[in-house]
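Note that these values count all heavy atoms, side chains included, but never hydrogens, waters or copies made by symmetry. FYI, the numbering just counts along the sequence from 1. Counting starts at 1 for both ligands and their atoms, following the listed order. None of the values given here were measured: they were computed from a predicted structure.
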Amino acid sequence: MRTSTESNKLKEILSKGPEPHLMTGSQYKESLRDGRRIIDAEGNEVEDVTTHPAFKNSVEHLAKLYDYQFDPETRDKTTYIDPKDGKRYSLGWEVPKTKEDLKRRRELLRLSTYHTLGVFGRPNDYGSMKSIGFLLINDKMREENPEMADNIVKFIEFSRKHNIMSTDLVPDVQSDRSVPANQRPGRLRIVEETPDGVVLYGAKPVGSVAAQAHFVTISTGLSPDLGPNEALWIAVPVNSKGLTMVLREPVTNPDSTFEDHPIDSFGEEMDNMLIFDHVFVPREYLFSIKNVKLLSIYGETGVLAHWHILSRLMYRAEIFSGVAQTIVDILGTNSFQGVREDVSEVVSYAATLKAFILAAEEEAVVKNGVFIPSEELITAGRLHSIVHYPKIMHILRDLCGQGLVSRFTAKAWEHPDVGPKFDEFLSGTGVSAREKNRFFNFVWDLTSSSHASRVALFENVNSTNAPVVKFNLYRLYDRSAPVNFVRKHLDLPSIK
Ligand SMILES: Cc1cc2nc3c(=O)[nH]c(=O)nc-3n(C[C@H](O)[C@H](O)[C@H](O)COP(=O)(O)OP(=O)(O)OC[C@H]3O[C@@H](n4cnc5c(N)ncnc54)[C@H](O)[C@@H]3O)c2cc1C
């Protein structure tokens, strides 16, 4: 494989650290100063991602996940030693081959979810799921172009060796749907092909965390009507020349404190629109191009990513059940029957998602050497998780009563006239007024802040919304056995 500029820069950064294939948090931060072009919500160029107000808190937070790779307490959860060379690598880039591999990955995911409270839907360990997912159609890619099909294997190895963070881009930008897909102006497409690579023009929407990562992986498996120039399964370094990331408005305040905003003070993953203005992508990052036969295989390549998304929500739901119980314990409402029923609904949500994940892992299959959970069960589980999420948020808010607005900033609390009165009037069961205040600040960030709204939008559509998930479930869930049972039982003609 040709040695690219990215690989040189990452190699140089890795050479200065304690491990050849693992970055520390500060190496990760250094790796983001790579000339990437970002326009912020004020219309200004972002000079340094690690210090810019829209990013600084989240970059620190993601950097800690890199540091976990060196912390003796979390080292074995986040990394593994490859017996082939005796070197330590990020577990995030290990291709799961067995049920045990997947379970270990889920422990890594538990760590990243509890660290970010799951409000980062694309943590460090997510992006590999999409790249490894491409292996599931590697045989179909190979039929068209064996050299490019090999590139995906090489890209996964490259990512493993350089401890990179990537994220995925699937849908097209929103524009007039009455225009045929392959004529919509913003669709990302090849406008030139050379022996060395391709030149891209167009855009991709909502690249969550792309500006805090190193690569985006692109697949057009959600757009069956596109033409050959739009059929892309590729990776693109985010610092590519001609690529501009335009940030949406931030939803967290960069100067907020842990006391006032126990979740939002850690920042957010910034969604952005990626504009490709004649971006050259070297051949080494092309896995399949112009193969229109692959244009409707989104579900197949997405199973591992969808398993990650559902598992993250399962861990979030565990946290929700802890929050529900703490609300009613602190408010002393835990003896009311209606309140207990509400808590039970949150518990049921958490238990149901867990059941889907465990069942999907139990009914997994091995394809192209990759251990993949049951697509049927992951799809059914995702539908449940999406449809019930708003209800769970509503229950959490409802259980709080006035708690979500009768909470005050540290500055208000420090006022000599009101602070002592708050201390006197507002305590909860087993907690001081100030502790109760901090707890409800946390519940606000989790359920009601601008950031919570953005996360709710994310949970609803980040990897296709309920109508599309239902469509997929109808198409793939095998119900032939029960259908034939019913037909046989009633002496109706059976179906093949
Ligand atoms: C906060 C956030 C973060 C995201 N992050 C990422 C990311 O990191 N990577 C990524 O690839 N994508 C990301 N997405 C994009 C997401 O994948 C898309 O929003 C999603 O696939 C829906 O596509 P769309 O936005 O084009 O909606 P549209 O397809 O325009 O849908 C609009 C509405 O039309 C209806 N609709 C659409 N299709 C159907 C159908 N077949 N049947 C019935 N009704 C339908 C639905 O009600 C839908 O809400 C993110 C989105 C959000 C909001």
Under 4.0 Å, heavy-atom basis, I'd like to know which part of [X] is in contact with ligand 1: side chain, backbone, both or neither.
{"X": "Lys204", "value": "neither"}
{"X": "Val461", "value": "both"}
{"X": "Val170", "value": "both"}

Distance-only donor-acceptor check, side chains Asn229 and Arg189, under 3.5 Å: no
Minimum-distance protein heavy atom relative to [atom]:
{"atom": "atom 44 (N) of ligand 1", "answer": "Pro467 CB, 3.5 Å"}
{"atom": "atom 9 (N) of ligand 1", "answer": "Asp168 O, 2.9 Å"}
{"atom": "atom 23 (O) of ligand 1", "answer": "Pro171 CB, 4.5 Å"}
{"atom": "atom 6 (C) of ligand 1", "answer": "Val206 O, 2.9 Å"}
{"atom": "atom 48 (C) of ligand 1", "answer": "Asn465 ND2, 3.0 Å"}

Short N-O contact, [X] and [Y], less than 4.0 angstrom:
{"X": "Glu269", "Y": "Arg122", "result": "no"}
{"X": "Glu144", "Y": "Lys293", "result": "yes"}
{"X": "Glu459", "Y": "Arg454", "result": "no"}

Should you measure from each heavy atom of [X], which atoms of ligand 1 turn up under 4.0 Å away?
{"X": "Leu169", "answer": "11 (O)"}
{"X": "Thr464", "answer": "21 (O)"}
{"X": "Arg177", "answer": "26 (O), 28 (P), 29 (O), 30 (O)"}
{"X": "Asn462", "answer": "12 (N), 13 (C), 14 (N), 16 (C), 17 (O)"}

Who's closest to [atom] heavy-atom-wise, of [options]?
{"atom": "atom 5 (N) of ligand 1", "options": "Ala456, Ser208, Gly127", "result": "Ser208"}
{"atom": "atom 38 (N) of ligand 1", "options": "Thr217, Val469, Val468", "result": "Val468"}
{"atom": "atom 32 (C) of ligand 1", "options": "Gln174, Arg122, Lys130", "result": "Gln174"}

Within-shell test, Lys470 vs ligand 1, heavy atom, strictly < 4.0 Å: no
How are the rings of [X] and [Y] set relative to one another: parallel (under 30°), tilted (30 to 60°) or perpendicular (over 60°)?
{"X": "Phe439", "Y": "Phe442", "answer": "parallel"}
{"X": "Tyr349", "Y": "Phe320", "answer": "parallel"}
{"X": "His115", "Y": "His61", "answer": "parallel"}

Side-chain heavy atoms of Phe266 within contact of Thr252, under 4.5 Å: no
Close side-chain approach of Tyr474 to Arg479, heavy-atom, < 4.5 Å: yes
Would you say [atom] has a protein heavy atom nearer than 4.0 Å?
{"atom": "atom 46 (C) of ligand 1", "result": "yes"}
{"atom": "atom 36 (N) of ligand 1", "result": "no"}
{"atom": "atom 28 (P) of ligand 1", "result": "yes"}
{"atom": "atom 15 (C) of ligand 1", "result": "yes"}

Single hit among Arg105, Arg104, Arg160 for side chain to side chain contact (heavy atoms under 4.5 Å, CB included) with Glu94: Arg104
Qualifying residue for side-chain hydrogen bond (donor to acceptor under 3.5 Å, both in side chains) with Ser208, from Asp271, Asn462, Asp168: Asp271
From CA spacing to verdict: ring-ring contact (aromatic ring centres under 6.0 Å, His included), Phe155, Phe215: CA-CA 11 Å; Phe155 179 70; Phe215 274 82; 5.2 Å; yes
